[in-house]
Amino acid sequence: MLARGTAPSPRVGVGRGRANAESQREQPIFTTRAHVFQIDPNTKKNWVPASKQAVTVSYFYDVTRNSYRIISVDGAKVIINSTITPNMTFTKTSQKFGQWADSRANTVFGLGFSSEQQLTKFAEKFQEVKEAARLARDKSQEKIETSSNHSQASSINGTDDEKASCAGPANTHLKSENNKLKIALTQSAANVKKWEIELQTLRESNARLTTALQDSAASVEQWKRQFTLCRDENDRLRNKVLKLQSQRRREINGRLQIDELEEQCSEINREKEKNTQLKRRIEELELELREKETELIDLRKQSEIIPQLMSECEYVSEKLEAAERDNQNLEDKVRSLKTDIEESRYRQRHLKVELKSFLEVLDGKIDDLHNFRRGLSKLGADN
């Protein structure tokens, strides 16, 4: 949470009058808390903590010099006193850490925040203050150039009349610049009053938060006391139960106590049975867990064999497809052979019919030949 409040004095170890003058001249415009680090001057790599805990880090605006500084004080020690220039750059090196280099102090400062939101707000304020410092530098350069131009013009003029004629516009320009500066000073004073009001509001908010924190601490202490009382009451009840148990053991001769003890014993036995069942169930679950672990190991081993099985499956699939193609070719050949067999059977039947008719004709021819032979025999006998 961004913490704004009463910023530390930008000067430490000076007189009260000078401190009052500085506090009137410089006003805090932004305040937060962070852990402060400085780069190791020997290695230039490692960070050296400048504070043991989170301290207040503030942006200060100097109305007289129109400059901005980052100041942090740990007790009576000033650990950051860095004047912001337009050439400085604030770099976020992580989600909660940022740094910038100060060539005047010949060091690098690092800030560790408790949240990324604080780091982002500090970086945005750094960029805003850097831009304001650049504008102030440009304005001061313009003033220096204007004054130098006026001095050159006054040195070039020869006669008193010419000086008098040139002094009029120069005085008018200076008056207009003076009016502009007065307006800017008025606006700065208004801004200072606004910042004072905001600072007072933040102080009141901080006071409310402090009160709430104290109430929370008091509530925590109250809960601690209640917890202590409950614990003492629990111990007292436990001791009372132990005393009652001992008293019941002493009064075991009474029938009612015997029944109660038997009932308690039965309850204890039931609890023991439940515990035994629970233990048995735990053992079964542990056994199942070991079996599952064994199955998991087997599955892992099988998963290692799966690529080989997949390759073999692909090979078998290819073989099966080839066998199916061969089977299809064989079926085609069988159908072709069946067709050829049918055709051959048809031709055989046709040939049988033709052969039968030929045999009939041949038989007729043979009979005719026998008749012709008998006729020749009879003709020979007659001759």
Report yes or no: does Lys92 contribute a side-chain atom to a donor-acceptor pair with the main-chain N or O of Leu119 at less than 3.5 Å? no

Using the side-chain contact (heavy atoms from CB on, under 4.5 Å) definition, which of the options Val73, Ile71, Thr107, Leu111 pairs with Ile80? Leu111

Tell me which one of Met88, Arg65, Arg104 satisfies side-chain contact (heavy atoms from CB on, under 4.5 Å) with Thr83. Arg104

What pairs with Ser51 under side-chain contact (heavy atoms from CB on, under 4.5 Å), at least two apart in sequence or on another chain? Val36, Val55, Asp74, Ile79

Note: Glu293-Arg290 ion pair, threshold 4.0 Å (strictly below):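 So Glu293 does not pair with Arg290 through a salt bridge.
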
Between Lys301 and Glu304, is there a side-chain N and carboxylate O pair less than 4.0 Å apart? no

Tyr61 and Tyr68 aromatic ring geometry - parallel, tilted or perpendicular at 30°/60° bounds: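 Because their plane-to-plane angle lies in the 30° to 60° range, the rings of Tyr68 and Tyr61 count as tilted.
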
Applying salt bridge (Lys or Arg N to Asp or Glu O under 4.0 Å), run through Glu131 and Arg134 and close with a yes or a no. CA-CA 5 Å; Glu131 185 66 21; Arg134 185 185 65 78; 2.3 Å; yes

Are [X] and [Y] connected, step by step, through hydrophobic side chains (Ile, Leu, Val, Met, Phe, Trp, Tyr) whose heavy atoms are closer than 4.5 Å?
| X | Y | result |
| --- | --- | --- |
| Val63 | Ile70 | yes |
| Phe126 | Phe97 | no |
| Phe90 | Val108 | no |

Hey, are the side chains of Leu369 and Lys365 touching, using non-hydrogen atoms and a 4.5 Å cut-off?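 Contact flag for Leu369/Lys365 side chains = no.
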
Can you check whether Trp47 reaches Ile39 side chain to side chain, under 4.5 Å on heavy atoms? yes

To the nearest 0.5 angstrom, please state how far the NZ atom of Lys121 sits from the CZ atom of Phe30.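 Answer rounded to 0.5 Å: 7.0 Å.
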
Please say whether more than 12 non-hydrogen atoms of neighbouring residues, nucleotides or ligands are located less than 6.0 Å from CD in Gln264.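 Atom CD in Gln264 is crowded, with more than 12 foreign heavy atoms closer than 6.0 Å.
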
